[in-house]
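Because only heavy atoms are used, hydrogens play no part in the values below, and waters and symmetry mates are left out as well, while side chains stay in. Proteins come first, then strands; the chains are lettered A, B, ... in the order of their sequence lines, and each starts at number 1.
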Amino acid sequence: MYDSNTIIKDLRVLTESFIPRRIIHRDGQINALRDNLKPLIDKEAPRNSFIYGPPGTGKTSMSQYVVDELKAYSPVLSVYINCWLYPSRFKILYSILQSLGQIFIHRKGTPTDELLDLLRQKMKNRSCVIVLDEADQLEDDKILYDLVETPGICIIMIANKETIFYDADPRIRSRLESMERIEFRPYSTNEILDILKDRAEWGLVPHVITPVQLNKIAEHSNGDARKAIGVLRAAAETAENQDSELITDTHIEKAIPKSVSINQTKTLESLNVHQKILYGIIKSSRQVPSSDLYQKYSAVCREKDLEPLVDRTIRNHLEKLQSYNLISVSGEGRWTVYSSV
DNA sequence: TGTCCACGGGAAAGAAAGGTGG
DNA sequence: CCACCTTTCTTTCCCGTGGACA
C-alpha cells in the first residue's frame, strides 16, 4: 500500500522547505501580510513588509504561502530571491529580470543602472511582489532604495534581526522604518507540537509515532520549527532504514543531538564562498539530486565570475555541510539526494 | 552482462598559517 | 622586518566500488 515504506509516507512533507497547505499558529502574521498585499487586488498601492524573527519561525513558508494565495486572486507577478546567493545590487536586479522572463546576454560591463531602467520599464502597468529572503546578507542597501522607488514593486523583506541596516543611509533608513513590521516570535512548545502533529499526519504512516514522542521532540526544539521537523525526519529515516515498524524513543534520542547545532547563523558565517553557494542551492530548491548539483553549482559560479572547484572537492564540502547539520543526505551512490535540514 | 556515473579513500600538489633565527 | 623552514589545511588527481539500467 505504501510501497515498501513502513514509516514514511511522504518525505517531502518532512522537509523544512515544504509549504504546508495550511499554516498554523500564525494567524496574526498572515492577516498582517495579507492586509499589506491586499491593495494589489484592486490595483492600488500595497504596503511593503519587513518580516523578522529567529530561524525556524515560519517566516519564509508563510510569505510564500501568502504570495501564492494572492496570485490566485490577481495577475500579479512574484519573485523570490535568496540574498545569500545574490547579495549584490547587480545580482539582485539581474536575477529579478531573469525570473520575470527577461532574457538578455550577460555582457560584461552592463551598468547596473541600465538593469534598473529595464526593470522600471517592465513594471509599467504591472505589479510584482519581491520577496527578499535572508536580507541580513545584503551587501549593498541601495538596492532597497531602488526597489522601493520603483512603482509597481512591493517588497517583502525577511531577516533574523530587527535592527538590520541600523547604520544605513538615512534615506534608506527612513524607508525601512516606514515599512510594515511583522514580528515572528519563537513558537511555544504546544504550537510546535501542533505543527509536528500536522506534518506527522501527512508525512508518516498512521500510528508509527505517539503524541508523547512528538511532545518530546517539541520540548527539545526551543521554539524552532525547522529543528523540530528535522528531528522528526531524522528519527523517521533511522526507523525506516532499520526496517522498524514504529519510531522508538531511541530513534528520537539519536536524532536530537544530531540536529542541535550550537548556533546556526554562526555556523553559516564560517562557511567559505563555495560552501555558501552549495548551501544556497540546496536550500532554495528543497531537494537536489547529486547528478544536478554540480551543474547548478558551476552555473552559479560562472554567474559570480568564480572558477568552480573540481567535483571531488565539492563532495568534500558537502560532507562538511552535512556534519554541520546544514543539509541532509539520502540515497546512495549515484542516487544520492541532498536536501536542506 | 557490460556500461554508466557519482561516491569516497588515498596520494600528492598547492596554499595559508605558524615558527625561528638573523 | 625579512627570509626560510615547518606544519596544517585545502584542492586536485587517480582510481576502485557498487547499484541501476538497457
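- Of all nucleotides listed (C:dC13, C:dT11, C:dT10), C:dT11 comes nearest to the side chain of A:T313.
- Using a 3.5 Å distance cut-off with no hydrogens or angles, the side chains of A:N36 and A:S49 do pair a donor with an acceptor.
- Between A:I314 atom CD1 and B:dG8 atom C1' there is a gap of 15 Å when expressed in whole angstrom units.
- At a threshold of 4.0 angstrom between heavy atoms, the contacts of A:S290 are confined to the sugar-phosphate backbone, with no base atom among them.
- Between the side chains of A:R226 and A:T60, no donor-acceptor pair of N or O atoms lies under 3.5 Å.
- Minimum interatomic distance between A:S74 and A:L40 (heavy atoms only, all atoms of both residues): OG-O, 4.1 Å.
- Looking at heavy-atom distances under 4.0 Å, A:H274 makes no contact with the nucleic acid at all.
- Where A:E319 and A:S291 meet DNA chain B, the nucleotide closest to each residue was compared, and A:S291 sits on the side nearer the 5' end.
- In this entry the distance linking CG of A:N272 with P of B:dA16 reads 13 Å, nearest Å.
- The aromatic rings of A:H274 and A:Y297 sit tilted, their planes meeting at an angle between 30° and 60°.
- One atom, CD of A:E307, and another, C1' of B:dG14, lie 16 Å apart when rounded to the nearest Å.
- Here the C1' atom of nucleotide B:dG8 and the CG atom of A:D311 are 11 Å apart, to the nearest Å.
- Remark: A:K197 does not engage A:E201 in a salt bridge, criterion side-chain N to carboxylate O under 4.0 Å.
- Nucleotide B:dC7 holds its P atom 14 Å from the NE2 atom of A:H317, rounded to whole Å.
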Measure all distances between protein nitrogen or oxygen atoms and nitrogen or oxygen atoms of nucleotides 18-22 of chain C, and list the pairs falling under 3.5 Å.
from, atom 1, to, atom 2, distance (Å)
C:dG19, N2, A:R334, NH1, 2.6

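- In this structure, A:L306 atom CG and C:dT11 atom P are separated by 12 Å, rounded to whole Å.
- By the neighbour-count criterion of 12 heavy atoms within 6.0 Å, atom NZ of A:K216 is densely surrounded, having more than that number from other residues, nucleotides or ligands.
- In this structure, A:D292 places its CG atom 11 Å from P of B:dC7, rounding to the nearest Å.
- Taking atom CZ of A:R312 as the reference point, atom P of B:dG9 lies 7 Å away to the nearest angstrom.
- For A:Y338, a side-chain nitrogen or oxygen approaches OP1 or OP2 of B:dC7 to under 4.0 Å.
- Between A:D113 and A:R89 there is a salt bridge, since a side-chain N of the basic residue sits under 4.0 Å from a carboxylate O of the acidic one.
- Here the side chain of A:R315 is nearest to one of C:dT12, C:dT10, B:dG8, namely B:dG8.
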